[in-house]
There are 2 protein chains.
Amino acid sequence: MGSLQYCEHCGNRLCIYRVPLFSSLSEENLHQIASYIQHRSFEKGELLISEGESTDSLVIIHQGVVKAFRYTAAGREQILYLFSEGDFFGEQYLFSNLKATYNVEALSPVKICLLTKSHLHKVLLTHPEVAIKLISELGKRIAQMENTFQSMGIRDVDARVATLLLDFAERYGREAPGGTLINLPISREGMANYLGIARETLSRKLSKFEDDGLIQSLDLKTIQVKDSDSLEDLAGLS
Amino acid sequence: MGSLQYCEHCGNRLCIYRVPLFSSLSEENLHQIASYIQHRSFEKGELLISEGESTDSLVIIHQGVVKAFRYTAAGREQILYLFSEGDFFGEQYLFSNLKATYNVEALSPVKICLLTKSHLHKVLLTHPEVAIKLISELGKRIAQMENTFQSMGIRDVDARVATLLLDFAERYGREAPGGTLINLPISREGMANYLGIARETLSRKLSKFEDDGLIQSLDLKTIQVKDSDSLEDLAGLS
DNA sequence: CGTGTACTTGAGAATTGTCAAAGGCTGTGG
DNA sequence: CCACAGCCTTTGACAATTCTCAAGTACACG
């Protein structure tokens with residue numbers, strides 16, 4: 001998993017304070033867990049995990065954005081998740097001996113916190129409330145995947161693109177006069193692959209949306225949402 | 001959630017013995033949990049849960065098959081899951097006060113076991129190993145959804161149909177001379193909606209597969225897989 | 001055995017994918 | 001600071017696929 005680098009910029013405690021997973025713990029318990037945590041940093045483009053690798057840690061994103069992806073039989077990259085600050089992954093492998101089923105790559109400089117399998121087991125067995133929190137977080141993720149899944153099942157491509165834009169606006173946007181500014185974490189190609197459409201099709205849809213005044217592409221990595229109501233209509237959130 | 005009916009055919013203990021969730025428990029603990037369990041039966045076509053309803057129980061399928069679905073903005077039914085014996089659902093709502101986000105309908109006569117929110121909490125807090133098992137099961141479900149998600153992202157429709165057939169063969173098939181017999185739990189329309197394609201397109205694909213000798217449609221609810229290797233090729237599992 | 005529902009098949013319209021070329025941004029090196 | 005190379009993106013044109021609408025067929029149920 002790359003070379004080990006201790007994270008200089010965050011005190012051990014900071015990380016786990018930010019993580020919803022541990023939010024129900026007392027100061028004392030947090031200290032105990034903090035002592036188990038390891039830190040690493042990655043540059044943009046570095047792989048945190050490769051498919052097939054065996055992993056033994058829960059990974060919590062402390063800073064930055066990563067993408068989790070696989071390659072389809074056709075060789076296309078299928079993005080499964082974008083994880084950012086406070087998100088975690090790797091939980092599937094903590095109670096089984098499965099190998100990683102996807103690759104994870106840093107899309108920006110990234111700092112992560114690691115909690116090994118055995119340490120996490122210790123925490124869960126002694127703090128059932130953390131287990132309940134984890135179950136709850138997994139439930140949330142499942143609910144979110146159900147939504148994504150449903151939007152993938154939508155045949156109308158305009159609706160899928162609109163849904164993605166709204167989703168990004170919520171997760172990566174910041175309010176500005178004239179509309180929410182989205183700082184796109186991935187390229188057009190990445191978005192197209194995420195949606196399961198050709199990148200040319202995505203380009204055309206975005207151009208059409210721009211012509212219709214729904215969005216404005218300020219820069220390849222910045223899109224401004226000018227008319228979120230119309231986007232919501234398109235997305236089918238009537 | 002329909003009218004309450006005690007399940008006459010299964011002793012209380014039977015249910016939870018079958019559920020992987022509780023497989024790590026001792027005889028004694030099983031007895032304790034068994035005392036919490038309630039049973040109900042549903043006829044084919046009955047709704048177990050309606051979208052927006054508030055639920056307070058974990059539902060474990062003891063017998064039969066159910067579908068979980070929502071309606072898209074276009075009014076189309078989008079199937080999210082098919083659950084059968086040993087599967088459970090409703091866990092998302094146990095640690096939040098969210099309402100159900102999908103409908104669940106019996107596709108056959110169904111018997112379920114119910115464990116209420118407060119009872120489950122009690123079990124999890126006193127038996128951390130059940131919590132770990134639950135986390136592990138949720139992880140499995142997430143991994144499975146990731147696979148489904150990826151296959152939804154495949155642009156090639158033939159591949160998606162082949163993937164669905166192989167999946168069904170594994171879950172609902174039984175071996176027979178000449179190839180696995182699949183007992184389809186849902187209609188063609190349901191399959192088409194699940195895949196996000198028009199039902200006519202699915203018909204055409206199935207007809208083509210039959211012409212090519214990959215499958216044989218014996219009956220509207222029975223398909224025989226004649227050439228699973230070719231299906232796997234199509235699905236992209238090279 | 002008839003009726004209703006679900007499924008299949010056909011044909012034309014609409015959408016998307018593919019291939020090709022041009023445009024724009026980024027970073028390097030002079 | 002500018003020029004150029006490389007990569008990503010956009011646009012165009014055509015081919016392929018899928019959707020829609022419509023008619024006909026098979027099956028299930030009463």
Please list, chain by chain and in numerical order, all residues satisfying side-chain contact (heavy atoms from CB on, under 4.5 Å) with [X], sequence neighbours excluded.
{"X": "Ser230(A)", "value": "Leu214(A), Asp227(A)"}
{"X": "Ser187(A)", "value": "Glu189(A)"}
{"X": "Lys226(A)", "value": "Gln216(A), Gln224(A)"}
{"X": "Asn183(B)", "value": "Arg174(B)"}

Bend across the helix from dC1(C)-dG30(D) to dG30(C)-dC1(D), to 10°, with axes taken over 5 pairs at each end?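 Rounded to the nearest 10 degrees, the bend comes out at 40°.
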
Salt bridge (charged side-chain N to carboxylate O under 4.0 Å, His left out) with Glu77(A): which residues, sequence neighbours excluded?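 Counting only residues at least two positions away or on another chain, Glu77(A) forms a salt bridge (charged side-chain N to carboxylate O under 4.0 Å, His left out) with Lys67(A).
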
Contacts of Glu200(A) that satisfy salt bridge (charged side-chain N to carboxylate O under 4.0 Å, His left out) - sequence neighbours left out: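 With neighbours one apart ignored, the set is empty.
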
Once you apply a heavy-atom cut-off of 4.0 Å, does Lys208(B) come out as touching a base, just sugar-phosphate, or nothing?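 The residue Lys208(B) makes no contact with any strand.
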
Can you name the atoms? Protein N/O to nucleotides 7-13 of chain D N/O, anything below 3.5 Å, with the distance.
unit_1, atom_1, unit_2, atom_2, d
dT9(D), OP1, Arg188(A), N, 2.9
dT10(D), OP1, Arg188(A), NH1, 2.6
dT10(D), OP2, Ser203(A), OG, 2.5
dT11(D), OP2, Ser207(A), OG, 2.3
dG12(D), N7, Arg204(A), NH1, 3.0
dG12(D), O6, Arg204(A), NH2, 3.4
dA13(D), N6, Arg204(A), NH2, 3.4

If you assign each of Leu218(B) and Arg155(A) to its closest nucleotide in DNA chain D, which residue comes earlier from the 5' end?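 Result of the comparison: Arg155(A).
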
Output all residues satisfying side-chain hydrogen bond (donor to acceptor under 3.5 Å, both in side chains) with Glu137(B), sequence neighbours left out; order by chain, then residue number.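 With neighbours one apart ignored, the set is Lys140(B).
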
Test: Arg141(B) and Glu91(B) ion pair at under 4.0 Å: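 A salt bridge is present here (some side-chain N lies under 4.0 Å from a carboxylate O).
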
Show me the donor-acceptor pairs within less than 3.5 Å that the side chains of residues 161-173 of chain B make with the rest of the protein, sequence neighbours left out.
unit_1, atom_1, unit_2, atom_2, d
Thr163(B), OG1, Ala159(B), O, 2.7
Asp167(B), OD2, Arg171(B), NH1, 3.4
Arg171(B), NH2, Leu82(B), O, 2.7

Please state how far atom NZ in Lys221(B) lies from atom P in dC27(D), giving the value in whole angstrom units.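 Taking NZ of Lys221(B) and P of dC27(D), I get 13 Å after rounding.
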
Over how many whole Å does the gap from Ile197(B) atom CD1 to dT20(D) atom C1' extend?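 Ile197(B) atom CD1 is separated from dT20(D) atom C1' by 15 Å.
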
For Tyr194(B), which residues count as a ring pair (Phe, Tyr, Trp, His ring centres under 6.0 Å) partner, sequence neighbours excluded?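 So Tyr194(B) forms no ring pair (Phe, Tyr, Trp, His ring centres under 6.0 Å) with any residue.
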
Contact boundaries on DNA chain C for chain B, cut-off under 4.0 Å to non-hydrogen atoms: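 So the contact region on DNA chain C extends dC7(C) to dT18(C).
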
